[in-house]
Number of protein chains: 2
Amino acid sequence: MVQESIRILHTQGYKATEPRKLVLEVLEEIEKPLSPYDIQEVLRAKGKYLNHVTIYRILDLLCSLNLAHKMLSGGGFVKCSLDPVEGCHRFMVCQDCGAIQEFADEGLCQRENEFARNHGFHTEHHLSEFSGLCSRCHK
Amino acid sequence: MVQESIRILHTQGYKATEPRKLVLEVLEEIEKPLSPYDIQEVLRAKGKYLNHVTIYRILDLLCSLNLAHKMLSGGGFVKCSLDPVEGCHRFMVCQDCGAIQEFADEGLCQRENEFARNHGFHTEHHLSEFSGLCSRCHK
DNA sequence: AAGCTAAGTGCAATATTATTGCATTTATCT
DNA sequence: AGATAAATGCAATAATATTGCACTTAGCTT
Ligand SMILES: [Mn+2]
Ligand SMILES: [Mn+2]
Ligand SMILES: [Zn+2]
Ligand SMILES: [Zn+2]
């Protein structure tokens, strides 16, 4: 929900500006990884204009608040749909339609932490990304 | 091992050229994510020169053969240290010294596949990246 | 060992993506 | 409504990535 992201911006002392709302709306609507220039393009098609610098800065902010996430595949940005969690971001990406779905799995976190510990590594953050076919594209 | 990567190049019908060997050696030696220009810089310091276009093309090739991997964090490239596996790449990155370590865990794959399946998603590829502290940096 | 040839590299030009400083605008609080 | 710090737009610049083509080279074939 965009509304929820706006609330978080406020509680963190950031303004809920028009450009920020627009970027959040685009990410929420498209549900696919979008580059800063992709976002600019989508907005242009809606008759809106944002300078690319602004979009970069907004994405930086959203990522720092865990409200958005930069994907490995292609480097596009997506809106996080779960409660913002520092240091654990997991997504499934459909290689057919590009749709993304965020997920969380405490068991995975535990297993990963344990695995790392066994190798002398102390884990702070987890990222994972699956690619495959979403239910709609999988026949 | 660089030697092993060269063998794979050959079996796949690619030439083991001097530039390719140099890039492999740099990635193997540094063991940290390096951008194409980072690699060029390391080579320059050794008195070698590769055009950046060449480096881009070599990295593309190595990634397509699963001999190298482009990291999420910063987008740098690393040399894969395990047998090349299509579609499953896992790394730990030390946020202190930048060192990376590749790993594999069949149990993780299974759990991820199962988790995805429960959500109507058919998984083909897995990526994961932990960040934290390696044994040397963790006090 | 020399020659052949497809594959690979370097170069120059161009395109795309990202960053910075500063003047102007805007959201929020009085 | 007015004050003010924060955010945006703009222009310039920097960094990263891609393309076409001429030249070179690795690995084969005599
Ligand atoms: Mn976690
Ligand atoms: Mn796997
Ligand atoms: Zn799909
Ligand atoms: Zn370390």
Side-chain angles (χ1 to χ4, degrees), chain A residues 2-3 5-27 32-44 46-65 67-78, chain B residues 2-3 5-27 32-44 46-65 67-78:
Chain A
V2 169
Q3 207 51 39
S5 299
I6 289 174
R7 199 188 59 74
I8 291 171
L9 283 173
H10 279 148
T11 67
Q12 301 293 117
Y14 296 100
K15 293 183 184 175
T17 62
E18 199 54 32
R20 285 174 181 166
K21 290 179 197 167
L22 287 174
V23 169
L24 284 167
E25 282 161 16
V26 167
L27 291 180
K32 293 173 182 158
L34 297 174
S35 76
Y37 289 95
D38 289 339
I39 293 172
Q40 192 176 49
E41 201 45 50
V42 171
L43 286 170
R44 203 186 302 275
K46 296 185 173 192
K48 311 277 186 180
Y49 171 78
L50 289 185
N51 189 276
H52 71 275
V53 179
T54 302
I55 299 176
Y56 275 96
R57 295 195 272 227
I58 289 172
L59 291 169
D60 280 351
L61 175 66
L62 296 179
C63 288
S64 78
L65 297 174
L67 299 176
H69 175 79
K70 184 178 193 175
M71 301 293 287
L72 180 118
S73 2
F77 291 82
V78 297
Chain B
V2 168
Q3 207 50 40
S5 300
I6 290 174
R7 199 189 57 75
I8 291 172
L9 284 174
H10 278 148
T11 67
Q12 301 294 116
Y14 297 100
K15 292 182 185 176
T17 62
E18 200 53 34
R20 286 175 181 166
K21 291 180 197 166
L22 287 173
V23 169
L24 283 167
E25 281 161 17
V26 168
L27 291 179
K32 293 174 182 158
L34 297 175
S35 76
Y37 290 95
D38 290 339
I39 293 171
Q40 192 176 49
E41 201 46 49
V42 172
L43 286 169
R44 203 185 303 273
K46 297 186 172 191
K48 311 277 186 181
Y49 170 78
L50 289 186
N51 189 276
H52 71 275
V53 179
T54 301
I55 299 176
Y56 276 96
R57 295 196 271 227
I58 289 172
L59 291 169
D60 280 351
L61 175 65
L62 296 179
C63 287
S64 78
L65 297 175
L67 298 175
H69 175 78
K70 184 178 193 175
M71 302 293 287
L72 181 119
S73 1
F77 292 81
V78 297

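Computed from a predicted structure; not experimentally measured. Just so we're on the same page: letters track the sequence lines, and every chain starts at 1. Computed from heavy atoms alone, side chains included, the values below leave out hydrogens, waters and symmetry copies.
The distance from atom SG of B:C63 to atom NE2 of B:H69, rounded to the nearest 0.5 Å, is 8.0 Å.
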N/O to N/O distances under 3.5 Å, protein versus nucleotides 24-26 of chain C:
| unit_1 | atom_1 | unit_2 | atom_2 | d |
| --- | --- | --- | --- | --- |
| C:dT26 | O2 | A:K15 | NZ | 3.2 |

Are there any protein N/O atoms within less than 3.5 Å of an N/O atom in nucleotides 10-15 of chain D, and if so, which ones and at what distance?
| unit_1 | atom_1 | unit_2 | atom_2 | d |
| --- | --- | --- | --- | --- |
| D:dC10 | OP2 | A:Y49 | OH | 3.3 |

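Between the CG atom of A:L9 and the C1' atom of D:dT8 there is a distance of 15 Å, given to the nearest Å. Atom CD of B:Q40 and atom C1' of D:dA17 are 13 Å apart (whole Å). Following rounding to the nearest Å, A:Y14 (OH) and D:dT8 (C1') show an atom-to-atom distance of 16 Å. Here C:dT9 presents its C1' atom at 13 Å from CG of B:L61, a figure rounded to the nearest Å. Rounded to whole Å, the distance from NZ on A:K48 to P on D:dT8 is 15 Å. One interatomic measurement links the two molecules: CD1 of A:I6 to P of D:dA7, which rounds to 14 Å at whole-angstrom precision. Put simply, CD1 on B:I55 is 11 Å from P on C:dT9, counting in whole angstrom units. Atom CG in A:L62 sits roughly 12 Å away from atom P in D:dA7 (whole-Å rounding).
With the nearest nucleotide of DNA chain C identified for both B:R20 and A:A16, B:R20 has the one nearer the 5' end. Heavy-atom nearest nucleotides on DNA chain C were determined for A:H10 and for B:T54, and the one closer to the 5' end corresponds to B:T54.
The shortest side-chain heavy-atom distance between A:L61 and A:L9 falls under the 4.5 Å cut-off. Residues B:F77 and B:L34 have side chains not in contact (no heavy-atom distance under 4.5 Å, counting atoms from C-beta outward). You'll find the side chain of B:I58 stays beyond 4.5 Å of the side chain of B:L24, heavy atoms only. B:L27 has its side chain out of reach of B:V78: every pair of non-hydrogen atoms, C-beta onward, lies at least 4.5 Å apart. Two residues are said to be in side-chain contact when any heavy atoms from C-beta on lie closer than 4.5 Å; B:I39 and B:P36 fail this criterion.
Sequence neighbours left out, the pairs with a member in residues 5-24 of chain B that pass side-chain hydrogen bond (donor to acceptor under 3.5 Å, both in side chains) are B:E4-B:R7. Residue pairs meeting the salt bridge (charged side-chain N to carboxylate O under 4.0 Å, His left out) criterion with at least one partner in residues 46-60 of chain A, sequence neighbours excluded, are A:E29-A:K46.
Put simply, the side chain of B:Q40 gets close to the backbone of B:L50: a donor and an acceptor are under 3.5 Å apart.
Checked against side chain to side chain donor-acceptor pair (under 3.5 Å), A:S35 has the following partners two or more places apart in sequence or in another chain: A:D38.
The bend of the helix from C:dA1-D:dT30 to C:dT30-D:dA1, defined by the angle between the axes of its first five and last five pairs, stands at 40° to the nearest 10°.
For B:H52 and B:Y37, the ring centers sit closer than 6.0 Å to each other.
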